[in-house]
Number of protein chains: 2
Amino acid sequence: METRELRYFVAVAEELHFGRAAERLGIAQPPLSRTISQLEQRLGVALFNRTSRKVTLTAAGSGLLAEGRAILGALTAAERRARHATMDQPTLVLSLKTGTSGELLAKLLDAYAAEPDAVAIELLFCESQPDRPLHDGRADVALLHQPFDTTDGFDIEVLSTEGQIAILPSSHPLATRPHVLMAEVKSLPQLPPARWPGPDGTYPEGPGAEIHNQMQLLQLIELGRTSVVLPESCRTNLREGLTGVPVKDAPTVTTVIAWPPHSRSRALADLVRVATRL
Amino acid sequence: METRELRYFVAVAEELHFGRAAERLGIAQPPLSRTISQLEQRLGVALFNRTSRKVTLTAAGSGLLAEGRAILGALTAAERRARHATMDQPTLVLSLKTGTSGELLAKLLDAYAAEPDAVAIELLFCESQPDRPLHDGRADVALLHQPFDTTDGFDIEVLSTEGQIAILPSSHPLATRPHVLMAEVKSLPQLPPARWPGPDGTYPEGPGAEIHNQMQLLQLIELGRTSVVLPESCRTNLREGLTGVPVKDAPTVTTVIAWPPHSRSRALADLVRVATRL
DNA sequence: CCCGATCGATACCATCAGGGTATCGATACT
DNA sequence: AGTATCGATACCCTGATGGTATCGATCGGG
């Protein structure tokens, strides 16, 4: 199967409408229809059920959609990494969530810098979903936090495990407690969870304020507008007006270093080795 | 990048000779040369260094080779799984090493069969490298054993952990010991390790006999020609004339269930859930 | 050192695949 | 019943792909 056919298939599968898919691909609808038919014939598999007015995915089509997206993504990532590899100065791009423990990060960067063959580390901060740059090739490696970030498809090593704290306005009654339970902080009536944008930029439904970054989040908490449960290490990010209270029954957060499974980068192998020895 | 270009690139990268690569691809050398040049121009990246008599990979080319192989493999696997998904009777193909603990397998299959939406499980026995069918799409899921089998690129859940035993001819002096050390069984002069074929069918160098399957291995041990260190659960496979002796300092073997990270199969999710509850 | 063999690159040519427009039959809605 | 919309099919044109011919560069043998 050629990449062009896979792109056509994924577009139709996502739109479930040949006309919109054709427009998205920048071609006319008839060649798209023909290409999909030829693909189905060559595979010997029906990927879509369709009448003249309705298109749905078959089971085979559903499975291929997930794998097709991953493959196209991997191809884009591979092209990006190939381009990046030609740079005179080899670097590693490390993707991480804004607010990730400065202490862990500093230790990692210092320890790696002490390696004889260390290359420059370029930090790529993400306000959310730090795994995405790993998927699309903009990053070589990422610090991720389970269970929040998906590590599907990547190789990982565990770096640390920690509890979670509820970050509350210092004026809130719960802020004086030695610890709280998840049920107590999960749905505070006056402190609804803030909302992050999805990959397509739209926000999920909810009463909480829309935010773009960690700074906005902390500011809103300070203003008594929201609260959040974060890993213990985020305590270093707290400032006046904010209080962190341990959440006894919150799941532990595991910080892992993740990388694409087929990487052959020596520099990356060194970084992973150093990271697991911290 | 089209699949055709990636296939051309991988062929040249593996052969480091345009003529041989062209022959392998079934095309003439000039269009191959031109296609690679055009690819490099479009990517803005040199993938090969070449004189008129020598071809080597650049750093970018080396990185792309590993990722390119994985992508082409994933594409082949995706096509296969799409074809398999059209079967009237949905099944899951489970890849596993011949000799995998019958006890664990039976428990898994029984527990899964009790699930309301269980589908038929088709067992795909491998004499070695049970991860390969997962890579190439012939299997949906696999039982693998770390550290012997690579789980790179797959999602996994741990099922069990066990020690290892040295399987020796019962007549061997070490067979009467309560336990042995790795150094004692790793290089027995009269019992050199048997040799498995590689993916391309050729055997690595070594004094041990060439074997194709587990039965041959056990038979050779019984004949006093070799020995092997295997997980504790293989004890059930021992028959008269063979003795299993615990190897105190052997690394533990972790049995995991592995699957492709982008699978959306409901049946597979059920199997994994059942497996982790054994 | 020279010659021949081999290799990758370039030029040119023929064929066919891919994308276009036109139009069809089927379906859903008014 | 009529109209609008959708996916499929037919036909056509252009450019991409793979062919052969041939070049310059490089390596090895005499």
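The structure displayed is predicted, hence computed values, not measured ones. Just so it is clear: chains get the letters A, B, ... in the order the sequence lines come, proteins before strands, and each one is counted from 1.
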Q: Determine, for A/Arg266 against A/Asp270, whether the closest basic-nitrogen to carboxylate-oxygen distance falls under 4.0 angstrom.
A: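 The answer is yes: the pair qualifies as a salt bridge.
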Q: Does A/Arg50 put a side-chain nitrogen or oxygen below 4.0 Å from OP1 or OP2 of C/dT27?
A: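 For C/dT27, OP1/OP2 do not have a side-chain N/O of A/Arg50 under 4.0 Å.
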Q: Let's see if you can work this out: which of D/dA8, C/dG8, D/dG19 has an atom nearest to the side-chain heavy atoms of B/Phe18?
A: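 Closest nucleotide to the B/Phe18 side chain: C/dG8.
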Q: Check this for me: does any side-chain nitrogen of one of B/Arg81 and A/Glu67 sit under 4.0 Å from a carboxylate oxygen of the other?
A: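 Result for this pair is yes, salt bridge flagged.
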Q: Round to a whole Å and report the spacing from NE2 of B/His17 to C1' of D/dC27.
A: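 So the two atoms are 13 Å apart, to the nearest Å.
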Q: Does the side chain of B/Arg53 get closer than 4.0 angstrom to OP1 or OP2 of C/dA5 through an N or O atom?
A: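 Checking C/dA5 against B/Arg53, no side-chain N or O comes under 4.0 Å of OP1 or OP2.
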Q: Using modelled atom types only, decide if a donor and an acceptor are shared between the side chain of A/Ser263 and the backbone of A/Trp259 within a distance under 3.5 Å.
A: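 Not a single qualifying donor-acceptor pair exists.
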Q: Could you tell me whether A/Tyr8 contacts a base, only the sugar-phosphate backbone, or nothing, with contacts defined as non-hydrogen atoms closer than 4.0 Å?
A: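 Sugar-phosphate, no base atom in range.
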Q: Considering only NZ, NE, NH1 and NH2 on the basic side and carboxylate oxygens on the acidic side, decide whether A/Arg50 and A/Glu40 come within less than 4.0 Å.
A: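 Here A/Arg50 pairs with A/Glu40 in a salt bridge, since their nearest N and O are under 4.0 Å apart.
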Q: Measure from CG on B/Leu47 to P on C/dA9 and round the result to the nearest Å.
A: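 One finds 12 Å between P of C/dA9 and CG of B/Leu47, rounded.
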Q: For A/Arg34, report the nucleic acid contact type (base, sugar-phosphate, nothing); a contact means any heavy atom under 4.0 Å.
A: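 Base contact.
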Q: B/Ile27 CD1 to C/dG8 P: how many Å, rounded?
A: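 So the two atoms are 13 Å apart, to the nearest Å.
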Q: May I have the distance from B/Leu32 (atom CG) to C/dG8 (atom P), rounded to whole angstrom?
A: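 B/Leu32 atom CG is separated from C/dG8 atom P by 9 Å.
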Q: Atom CG of A/Leu92 and atom CG of A/Leu268: how far apart are they, to the nearest 0.5 Å?
A: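 Here the interatomic distance stands at 6.0 Å.
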Q: Which angle, to the nearest 10 degrees, lies between the helix axes at the two ends of the helix from C/dC1-D/dG30 to C/dT30-D/dA1, each defined by five pairs?
A: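 It works out to 30° between the end axes.
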Q: In terms of side-chain heavy atoms of B/Arg4, which of D/dG7, D/dG18, C/dT21 is nearest?
A: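 The listed nucleotide nearest to B/Arg4's side chain is D/dG18.
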Q: Establish, with yes or no, whether the OP1 or OP2 oxygen of D/dA8 is under 4.0 angstrom from a side-chain nitrogen or oxygen of A/Ser33.
A: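 Yes, A/Ser33 has a side-chain N/O under 4.0 Å of OP1/OP2 on D/dA8.
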Q: In this structure, how many angstroms lie between the P atom of C/dT10 and the CD1 atom of B/Ile36, rounded?
A: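 Rounded to whole Å, this separation is 14 Å.
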Q: Does A/Arg69 come within less than 4.0 Å of A/Glu14, counting only side-chain N to carboxylate O?
A: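 Counted as a salt bridge, because a side-chain N and a carboxylate O are separated by less than 4.0 Å.
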Q: Go nucleotide by nucleotide along DNA chain C from the 5' end; which of B/Pro30 and A/Thr35 gets its closest nucleotide reached first?
A: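 Of the two residues, B/Pro30 wins.
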Q: Let me know the distance between CD of B/Gln29 and P of D/dA25, rounded to the nearest Å.
A: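 Distance, rounded to whole Å: 16 Å.
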Q: Whole Å only: how far is the CG atom of B/Leu39 from the P atom of D/dA16?
A: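 Value for this atom pair: 15 Å.
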Q: Starting at atom CD of A/Glu15, determine the distance to atom C1' of D/dG7, rounded to an integer number of angstrom.
A: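 A/Glu15 atom CD is separated from D/dG7 atom C1' by 15 Å.
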Q: Under 4.0 Å between a Lys/Arg side-chain N and an Asp/Glu carboxylate O for A/Glu2 and B/Arg4?
A: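 Result for this pair is no, no salt bridge flagged.
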